[in-house]
S.K.: 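Below: one structure in structure tokens.
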Amino acid sequence: MTAREWPAGSLLASLSPASRDRFLRLGSLVQYPASKTLIREGDYSRFVVVILDGVVKVTGHVSGGRDALLSIRMSGDVVGEFAALDEGPRSASVVTCGAVVGRAIKGSEFLDSLRRDPDLSRAVSKSVVAKTRSADARRIDFREGSMQIRLYRVLYEIAVTYGTAAGNRSVIRWPLTQPELASLASAAEPSVHRVLRDLRTQGIIATGYRRITVLDLARLHALGYPGGEPQAET
């Protein structure tokens with residue numbers, strides 16, 4: 001992957017080429033199947049995973065024994081860095097939404113790289129702050145609202161976090177499969193297909209080879225947050 005191919009909102013896209021190359025030499029290459037729990041909430045492991053290809057969902061326990069979708073992480077992102085930084089228990093679980101390729105880095109190696117590379121250290125600090133704000137601001141409850149509303153919210157979050165925005169439009173420029181969307185929205189794949197078809201018919205999205213274009217972010221937000229919840233932070 002060249003630097004231009006990392007999603008704009010990802011950690012790897014924010015690094016200088018030299019820092020990115022050094023960072024991607026750390027750890028070892030790993031491959032995970034769909035529905036694999038990479039990190040379990042409450043565990044005391046310290047490793048970090050750089051996502052090179054694929055999508056994961058970050059979930060946390062909420063009242064009533066339910067799980068909430070805290071965030072979505074894609075190619076170019078890092079997961080697991082909180083526990084490596086503060087040596088506390090894992091604050092959330094991370095589960096693959098499809099096949100994922102990444103680099104697994106020991107916590108000690110990750111911390112050493114931060115000490116040696118100020119560019120990487122600054123980028124990780126900014127990423128941690130952004131993740132904390134996002135998780136505090138909104139949690140997408142798996143059981144809240146209909147399947148359609150969950151999918152609208154997932155698409156909106158991906159578009160504003162990782163898409164290439166231009167006014168009220170945003171282009172998601174890498175493969176995002178219907179099984180991955182189904183996993184993120186806790187929905188059946190045929191249902192996702194129907195919702196995407198309806199969004200295309202309404203002129204809210206357009207789909208093409210290896211991309212989804214959100215043609216009207218405001219309308220997508222209104223569908224996902226009919227009560228007027230705050231819009232996602234970028």
Side-chain angles (χ1 to χ4, degrees), residues 6-7 9-11 30-43 49-62 64-80 90-104 131 134-135 138-163 170 172-200 204-205 207-214 220-221 223-225 232:
W6 297 113
S10 69
L11 174 70
V30 290
Q31 298 184 49
Y32 302 107
S35 302
K36 171 71 173 179
T37 300
L38 307 186
I39 293 169
R40 194 174 300 278
E41 185 174 357
D43 283 355
V49 177
V50 184
I51 303 170
L52 303 179
D53 187 37
V55 181
V56 302
K57 56 187 176 185
V58 182
T59 67
H61 297 311
V62 294
R66 297 177 296 170
D67 281 339
L69 177 59
L70 304 182
S71 61
I72 299 163
R73 299 292 169 229
M74 311 189 79
S75 302
D77 272 326
V78 173
V79 293
R90 297 292 193 180
S91 59
S93 296
V94 178
V95 181
T96 62
C97 297
V100 168
V101 179
R103 294 197 70 85
K131 288 179 180 181
S134 177
R138 28 180 234 302
R139 296 187 172 206
I140 306 172
D141 195 321
F142 282 144
R143 300 182 188 179
E144 179 184 341
S146 65
M147 177 278 300
Q148 289 94 328
I149 284 180
R150 294 195 301 270
L151 183 56
Y152 298 150
R153 292 180 180 183
V154 163
L155 282 172
Y156 180 79
E157 178 175 342
I158 293 171
V160 299
T161 304
Y162 300 101
S170 181
I172 304 167
R173 299 182 182 277
W174 65 94
L176 186 64
T177 67
Q178 290 190 15
E180 288 170 339
L181 285 171
S183 177
L184 287 167
S186 190
E189 191 176 339
S191 299
V192 170
H193 178 75
R194 288 194 297 271
V195 173
L196 293 178
R197 182 187 59 205
D198 290 343
L199 290 173
R200 287 194 298 268
I204 296 174
I205 70 168
T207 56
Y209 178 65
R210 299 171 67 89
R211 72 172 56 192
I212 297 174
T213 302
V214 179
L220 182 60
H221 180 268
L223 288 172
Y225 298 93

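Quick caveat, the model's predicted, so the values are computed rather than measured. Here, residue 1 is the first one in the sequence, and each next residue gets the next number.
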S.K.: Looking at CD of Q178 and CG of L151, how far apart are the two atoms once the value is rounded to the nearest 0.5 Å?
M.R.: 9.5 Å
S.K.: Which distance, rounded to the nearest 0.5 Å, do you find between the CZ of R153 and the CD of Q148?
M.R.: 12.5 Å
S.K.: When you look at I204 and L223, which way does the side-chain contact (heavy atoms from CB on, under 4.5 Å) test go after all the steps?
M.R.: CA-CA 10 Å; I204 296 174; L223 288 172; 3.5 Å; yes
S.K.: What are the two closest heavy atoms between S10 and S75, and how far apart are they?
M.R.: CB-O, 3.7 Å
S.K.: Please name all residues satisfying side chain to side chain contact (heavy atoms under 4.5 Å, CB included) with P33, sequence neighbours left out, ordered by chain then number.
M.R.: K36
S.K.: Out of curiosity, L52 CG to M74 CE, how far, rounded to the nearest 0.5 Å?
M.R.: 13.5 Å
S.K.: From S93 OG over to K57 NZ, what is the distance, rounded to the nearest 0.5 angstrom?
M.R.: 11.0 Å
S.K.: Which atoms form the tightest heavy-atom contact between R40 and R90, and what is the distance?
M.R.: O-CB, 3.3 Å
S.K.: Name all residues meeting the side chain to side chain contact (heavy atoms under 4.5 Å, CB included) criterion together with V30; count only those two or more places apart in sequence or in a different chain, and write none if there are none.
M.R.: S28, Y32, A104
S.K.: With R200, which residues qualify under side chain to side chain contact (heavy atoms under 4.5 Å, CB included), at least two apart?
M.R.: L196, R197, I205, T207
S.K.: Calculate, to the nearest 0.5 Å, the distance between atoms CG and OH belonging to L199 and Y152 respectively.
M.R.: 5.5 Å
S.K.: Dump the intermediate steps for side-chain contact (heavy atoms from CB on, under 4.5 Å) on L155 and V214, then the final yes or no.
M.R.: CA-CA 8 Å; L155 282 172; V214 179; 5.5 Å; no
S.K.: Kindly give the heavy-atom pair with the smallest separation between A187 and M147, and that separation in Å.
M.R.: CB-CG, 3.2 Å
S.K.: What closest approach, in Å, do A182 and A188 show between heavy atoms, and which atom pair accounts for it?
M.R.: CB-C, 4.2 Å
S.K.: Work out which heavy atom in L69 is nearest to a heavy atom in L184; give both atom names and the distance.
M.R.: CD2-O, 3.5 Å
S.K.: Assess the residue pair R73 and Y162 against the criterion (side-chain contact (heavy atoms from CB on, under 4.5 Å)); give the C-alpha distance rounded to whole Å, side-chain angles, the decisive distance to 0.1 Å, and a yes or no.
M.R.: CA-CA 9 Å; R73 299 292 169 229; Y162 300 101; 3.3 Å; yes
S.K.: Given the rule in the side-chain contact (heavy atoms from CB on, under 4.5 Å) test, do K131 and S71 qualify, once you have shown the distances and angles that lead to the verdict?
M.R.: CA-CA 8 Å; K131 288 179 180 181; S71 61; over 6 Å; no
S.K.: Do you know which two heavy atoms are closest between S170 and A159, and how far apart they sit?
M.R.: OG-O, 2.8 Å
S.K.: State the OH-CG distance between Y225 and L220, to the nearest 0.5 angstrom.
M.R.: 9.5 Å
S.K.: Spell out, as yes or no, whether a donor-acceptor pair under 3.5 Å connects the side chain of T96 to the backbone of S35.
M.R.: yes
